[in-house]
**Q** 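Before I ask anything, here is the structure I am working with.
Along the sequence shown, residues are numbered consecutively beginning with 1.
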Amino acid sequence: MATMNSFEQRAAGLRERYDALLAAEPRLRARNAAQGLQVSEAELVAAACGTLRSRQLVADTMQTLFRELGALGEVMALTRNDACVHERHGRYEDIRANGPVGLVLGPDIDLRVFFGEWCSAWAVSDQGRDSLQFFDAAGAAVHKVYRTEASNGAAWSALVERFATAEPAWPQTQARAAPDAGAQVEDGAAFRAAWLAMQDTHQFFPLLKKFKLRRLTALAAAGADLAQQVGAETPERVLQAAAHSGLSIMCFVSNPGMVQIHTGPVCSLRRTGPWFNVLDPRFNLHLDTTAIASAWVVNKPTADGWVTSLEVYSRSGDLIVQFFGARKPGVPELAEWRALMDGLCATPLAQ
């Protein structure tokens with residue numbers, strides 16, 4: 001009798017543990033099952049636990065594989081963090097993936113990609129639902145691409161066959177390092193001056209790096225005219241107001257390896273237990289409101305005028321989701337969005 005190799009042994013052992021857990025908790029989702037078993041989601045996928053079937057995809061670089069996504073036609077792109085899931089239907093168009101930072105700039109799927117965080121890729125089938133799943137060094141899902149009825153099936157199959165390996169490698173996961181606590185603002189005047197000198201919202205991250213600050217530290221030090229805390233219920237209120245008025249918004253959900261953006265109106269809203277959901281035909285958002293520790297209205301100067309956002313944070317200080325009024329570079333902020341943000345604030349915003 002042939003002996004199992006190391007990969008097969010680990011996979012068989014994990015499948016047995018997974019089956020026992022699901023027998024006790026049959027409605028448990030894969031992400032939560034991984035937490036319960038103290039393994040990564042990537043390991044569940046590698047082991048083909050439960051009804052999953054998987055094949056590892058290997059390319060010379062992740063960029064090589066990622067550039068092929070445009071051939072798949074209409075798909076559903078999914079990016080999430082612990083408290084928020086962002087799902088968008090569309091095509092991968094205008095793909096730019098030649099360096100450590102990639103972009104997808106299509107009218108529907110809009111992404112900012114940080115390939116340094118991407119470590120493994122798998123083609124997954126679960127009871128007829130096909131997906132491509134990408135994981136980071138901790139085995140957490142960075143991004144997923146789901147096949148839909150409108151996808152190019154032949155191109156999907158060709159991609160999987162081109163990159164699938166007959167000798168998969170077990171995910172070598174390592175716990176993500178705890179974030180640096182960051183410095184405190186020592187020179188408040190210099191920090192405010194640097195904030196007020198910004199000409200583009202993308203200059204905010206370099207500002208944090210210059211002063212060695214975490215985002216929440218920066219917001220708390222900026223002054224209420226630039227950043228002020230609002231109630232944890234505010235994201236739900238803002239989505240309801242946007243749905244009622246038809247206001248077009250931007251919604252950013254990120255993890256260390258990906259930022260996924262929706263631009264447009266939101267219409268169908270529904271609460272399901274702790275989750276507040278947008279359930280539109282081409283855009284879904286699932287926000288765990290019990291994970292919200294704080295929400296902030298943030299006001300940044302740009303060459304196009306002031307730009308305001310609603311930023312939502314977890315108890316660990318991680319950014320959960322951001323909302324803006326829909327806009328393009330070179331175009332002022334929507335007056336309706338600015339009025340909505342102003343209405344949330346007890347202290348007037350700088351303008």
**Q** Has T302 got a side-chain atom pairing as donor or acceptor with D304's backbone, closer than 3.5 angstrom?
**A** yes
**Q** Tell me every residue that passes side chain to side chain donor-acceptor pair (under 3.5 Å) with S294, counting only those two or more places apart in sequence or in another chain.
**A** W296
**Q** Looking just at side-chain N and O atoms, do T308 and E333 make a donor-acceptor pair shorter than 3.5 Å?
**A** yes
**Q** Transitive ILVMFWY cluster of W275 at side-chain heavy atoms under 4.5 Å: who else is in it?
**A**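 Its cluster partners, ordered by chain and number, are none at all.
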**Q** With no hydrogens and no angle check, just 3.5 Å: does a side-chain donor-acceptor pair link E167 and T165?
**A**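 There is no such pair (donor and acceptor under 3.5 Å, judged by atom type) between the side chains of E167 and T165.
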**Q** Quick one: do R282 and D108 make a salt bridge, cutoff under 4.0 Å?
**A** yes
**Q** Is any side-chain heavy atom of F211 closer than 4.5 Å to a side-chain heavy atom of D187?
**A** no
**Q** Just to verify, what does K144 make a side chain to side chain donor-acceptor pair (under 3.5 Å) with, not counting sequence neighbours?
**A**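 Testing K144 for side chain to side chain donor-acceptor pair (under 3.5 Å), a comparison that skips the adjacent residues, returns E41.
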**Q** Scan N81, V253, L310 and name whichever one has a side chain to side chain contact (heavy atoms under 4.5 Å, CB included) with V321.
**A** V253
**Q** Can you spot which of V142, V45, T173 makes a side chain to side chain contact (heavy atoms under 4.5 Å, CB included) with F135?
**A**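 When V142, V45, T173 are each tested with F135, the side chain to side chain contact (heavy atoms under 4.5 Å, CB included) holds only for V45.
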**Q** Tell me which pairs pass salt bridge (charged side-chain N to carboxylate O under 4.0 Å, His left out) where either residue lies in residues 110-122, with sequence neighbours left out.
**A** D110-R112, E117-R176
**Q** Give a yes or no on whether a salt bridge exists between D288 and R80, defined as a side-chain N under 4.0 angstrom from a carboxylate O.
**A**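 Not counted as a salt bridge, because no side-chain N and carboxylate O are separated by less than 4.0 Å.
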**Q** Main chain of V104, side chain of D94: is a donor-acceptor contact present, judged purely on distance under 3.5 Å?
**A**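 Checked: no pair found.
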**Q** Please check this pair: side chain of S151 against backbone of T148, looking for a donor-acceptor N/O pair closer than 3.5 Å.
**A**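 Confirmed, S151 side chain pairs with T148 backbone.
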**Q** May I have all residue pairs that pass ring-ring contact (aromatic ring centres under 6.0 Å, His included) and include part of residues 317-338, sequence neighbours excluded?
**A**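 Of all non-adjacent pairs touching residues 317-338, those that pass ring-ring contact (aromatic ring centres under 6.0 Å, His included) are F252-F324.
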**Q** Which side chain to side chain donor-acceptor pair (under 3.5 Å) pairs, counting each pair once, include a residue from residues 216-228, with sequence neighbours left out?
**A** R192-D225
**Q** Between the side chain of S157 and the main-chain N/O of G153, is any donor-acceptor distance below 3.5 Å?
**A** yes
**Q** For Y146, is the NZ or CZ atom of R129 found under 6.0 angstrom from the centre of its six-membered ring and inside 45 degrees of the ring axis?
**A**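 Satisfied, under 6.0 Å and within 45°.
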**Q** Listing request: all side chain to side chain donor-acceptor pair (under 3.5 Å) pairs with a residue in residues 15-37, at least two apart in sequence or in separate chains.
**A** R31-D82
**Q** Please answer whether the main-chain N or O of S268 pairs with a side-chain N or O of D280 as donor and acceptor at a distance below 3.5 Å.
**A**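 Yes.
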**Q** Taking ring-ring contact (aromatic ring centres under 6.0 Å, His included) as the definition, give me every residue that meets it alongside W156, ordered by chain and number, with sequence neighbours left out.
**A** none
**Q** Does A221 have any side chain to side chain contact (heavy atoms under 4.5 Å, CB included) partners at least two apart in sequence or in another chain, and if so, which?
**A**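 Residues passing side chain to side chain contact (heavy atoms under 4.5 Å, CB included) with A221: V185, F191.
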**Q** Who pairs with F283 by ring-ring contact (aromatic ring centres under 6.0 Å, His included), at least two apart in sequence or on another chain?
**A**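 Only H86, H262 meet the ring-ring contact (aromatic ring centres under 6.0 Å, His included) criterion with F283.
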**Q** Would a distance-only check, ignoring hydrogens and angles, find a side-chain to backbone donor-acceptor pair under 3.5 Å from Q203 to Q199?
**A** yes
**Q** Which residues pass the ring-ring contact (aromatic ring centres under 6.0 Å, His included) test with W118, sequence neighbours left out?
**A** F66, F115, F134
**Q** Main chain of M76, side chain of E87: is a donor-acceptor contact present, judged purely on distance under 3.5 Å?
**A**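 No.
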**Q** Considering only residues two or more places apart or on different chains, which pairs with a residue in residues 49-72 satisfy side chain to side chain donor-acceptor pair (under 3.5 Å)?
**A**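 Output for this query lists T51-D126, R55-E161, D60-T64, T61-T64, R67-N98, E68-R162.
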**Q** Is there a donor-acceptor contact under 3.5 Å linking the side chains of W170 and E43?
**A** yes
**Q** Between the side chains of N299 and R338, does any donor sit under 3.5 Å from an acceptor?
**A** yes
